[in-house]
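Worth saying up front: this structure is predicted, and the values here are computed from it rather than measured. Residue numbers count from 1 along this sequence.
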Amino acid sequence: MAAIDARFEPDAIFMAAHPHLPFRSLGLTQLATTGALVLFTIAVLSEAARTLGVIDMNTQLIRVFFVLITVLAAGVAVVEHYVAKTRELEHMNTELERRVAEKAREIERDHARLDEAKRERALICERQRILADIHDGMGASLVGLLRYVQSGKTDSEELEHRVRTALQEMRIAIDALEPAEGDLAAVLGTLRYRLEPLMASTGVRFAWDVAELPCVEALDSSAVFAIQRIVLEAIANALKHSNARQIRLTLRALNAESVEIRIEDDGGGFDVGRPAAGLGLSNMRARAQRLGAQVSFLSQSGRGTTVSLTLPRRLEAAHAGSAADATFRRTSPVPLTPV
């Protein structure tokens, strides 16, 4: 029996280490083992008595019963241990599932807190960007208007022109805050609506060619504002420097992965390889880079200029406070009308 107790000692240690598991009952195994030991004892004693001549009986039947009971005890031990181990495994699986579910809830709570922190940071960054846009755009226009009035050399037509420019700057900045929902054509359509009266006053024909477009993902207010500025810079350059008679804006899908905004004019053109101060080409490249886009310039003297902005279907999320933002805020706003 001491050997049997030693054999089951690891199970006792396991149960002590896992008090939440029910204690295994091995009653049938112990009963069968006890019966086999009793028959074994009877068989040994009867065989010894027969040998000594105390009794005269055939012990064959006792040996047969001993073998049967021993086999039965072994079978019962195997089955009962299997059942007990299966129950322990089920209880362990249940406990493991409970702990995994608890950890999963903790992870979900941590993710929820992290998402909330990200949303708060995004809101703060968006507020900073809006303030910077208002400061750089409408603020700069109003400051220029104030200095012009304070100069004492005001002209009613020039004053009206400057006021209209400030109002137009404010309207375009507000348009960038409207939900775009991936519709780039609608974004540029709103910009066209704002620009057409000013374009008409310059005498330059503004052609509009828009094809059917797929949805552009991550087209948030920051991306809309950057696209607006690139398009406005290209148009302003054509009005100020090229003496163009016509400006054409083409919007189309290049392939399943990208769309293109192309601004073409029939003006005098310029040397793309020569640094051109004031044209804002580096600013346009920086804004495009923030979006994960590419902007290219094709121009020849006397043959006009083509500005091509290639946008991916999935724009990169822009964030306020970046080095690129700092570069933009040190530059002057894009004039919406020719000087």
Checklist entry - NE2 of H91 to CG of L89: how many Å apart, nearest 0.5 Å? => result 10.5 Å

Next on the checklist: What's the separation between atom CE in M92 and atom NZ in K85, rounded to the nearest 0.5 Å?
Outcome noted: 9.5 Å

Checklist entry - Would you find more than 12 non-hydrogen atoms of other residues, nucleotides or ligands less than 6.0 Å from E158 atom CD? => result yes

Checklist outcome for this item: Sorted by chain and number, sequence neighbours left out, side chain to side chain contact (heavy atoms under 4.5 Å, CB included) with V83 holds for V79, R87

Checklist entry - By side-chain hydrogen bond (donor to acceptor under 3.5 Å, both in side chains), which residues pair with Q294, not counting sequence neighbours? => result none

Next on the checklist: I need the R303 CZ to L298 CG distance, nearest 0.5 Å.
Outcome noted: 10.5 Å

Next on the checklist: With a 4.5 Å cut-off on side-chain heavy atoms, are Q228 and F225 touching?
Outcome noted: yes

Checklist entry - Would M199 and I247 count as a side-chain contact (heavy atoms from CB on, under 4.5 Å) if you check the C-alpha gap in whole Å, the side-chain angles of each, and the deciding distance to 0.1 Å? => result CA-CA 10 Å; M199 295 292 293; I247 298 175; 3.9 Å; yes

Checklist entry - Should D155 and L159 be marked as a side-chain contact (heavy atoms from CB on, under 4.5 Å) after you check the CA-CA gap, both sets of side-chain angles, and the distance that decides it? => result CA-CA 6 Å; D155 177 75; L159 181 61; over 6 Å; no

Next on the checklist: To check you understand the geometry: which heavy-atom pair defines the closest contact between A223 and A218, and what is its length?
Outcome noted: CB-O, 4.0 Å

Checklist outcome for this item: Under a side-chain separation threshold of 4.5 Å, the hydrophobic residues clustered together with V100 are L96

Next on the checklist: Could you tell me if the side chain of T310 sits less than 4.5 Å from the side chain of V295, heavy atoms only?
Outcome noted: no

Next on the checklist: Looking at every heavy atom in both I230 and A288, which two are closest together, and how far apart are they?
Outcome noted: CD1-N, 3.8 Å

Checklist entry - For S299 and G269, which heavy atoms make the closest approach, and how far apart are they? => result OG-CA, 3.2 Å

Next on the checklist: Quick check for you: to the nearest 0.5 Å, what is the distance between Q289 atom CD and S282 atom OG?
Outcome noted: 11.5 Å

Checklist outcome for this item: E217 meets the side-chain hydrogen bond (donor to acceptor under 3.5 Å, both in side chains) criterion, sequence neighbours left out, with R314

With a cut-off of 3.5 Å and sequence neighbours excluded, list every side-chain donor-acceptor pair involving residues 182-197.
from: D183; atom 1: OD1; to: A185; atom 2: N; distance (Å): 3.3
from: D183; atom 1: OD1; to: A186; atom 2: N; distance (Å): 3.2
from: T190; atom 1: OG1; to: A186; atom 2: O; distance (Å): 3.0
from: R192; atom 1: NE; to: E196; atom 2: OE2; distance (Å): 2.8
from: R192; atom 1: NH2; to: E196; atom 2: OE2; distance (Å): 3.2
from: R194; atom 1: NE; to: D175; atom 2: OD2; distance (Å): 2.8
from: R194; atom 1: NH2; to: D175; atom 2: OD1; distance (Å): 3.3

List the atom pairs, donor and acceptor, that lie under 3.5 Å between side-chain atoms in residues 248-266 and the rest of the protein, sequence neighbours left out.
from: R252; atom 1: NE; to: E260; atom 2: OE1; distance (Å): 2.9
from: R252; atom 1: NH2; to: E260; atom 2: OE1; distance (Å): 3.0
from: N255; atom 1: OD1; to: E257; atom 2: N; distance (Å): 2.8
from: N255; atom 1: OD1; to: S258; atom 2: N; distance (Å): 3.0
from: N255; atom 1: OD1; to: S258; atom 2: OG; distance (Å): 3.1
from: E260; atom 1: OE2; to: R262; atom 2: NH2; distance (Å): 3.2
from: E260; atom 1: OE2; to: S308; atom 2: OG; distance (Å): 2.6
from: D265; atom 1: OD1; to: G267; atom 2: N; distance (Å): 2.8
from: D265; atom 1: OD1; to: T305; atom 2: N; distance (Å): 3.4
from: D266; atom 1: OD1; to: R245; atom 2: N; distance (Å): 2.9
from: D266; atom 1: OD1; to: Q246; atom 2: N; distance (Å): 3.0

Next on the checklist: Checking E116 now: which residues fulfil side-chain hydrogen bond (donor to acceptor under 3.5 Å, both in side chains) with it, not counting sequence neighbours?
Outcome noted: R119

Taking distance alone, no hydrogens or angles, what donor-acceptor pairs closer than 3.5 Å link side-chain atoms of residues 104-115 to residues at least two apart or in another chain?
from: D110; atom 1: OD1; to: R113; atom 2: NH2; distance (Å): 2.1

Next on the checklist: Filter on salt bridge (Lys or Arg N to Asp or Glu O under 4.0 Å), then keep only pairs touching residues 200-210, sequence neighbours left out; what's left?
Outcome noted: none

Next on the checklist: Among residues at least two apart in sequence or on other chains, which ones pass salt bridge (Lys or Arg N to Asp or Glu O under 4.0 Å) with E181?
Outcome noted: none

Item to check | side-chain contact (heavy atoms from CB on, under 4.5 Å) evaluation trace for M284 with L281 | outcome: CA-CA 5 Å; M284 296 167 71; L281 303 187; 4.2 Å; yes

Checklist entry - Is it true that E233 and R229 have a side-chain N and a carboxylate O under 4.0 angstrom from each other? => result no

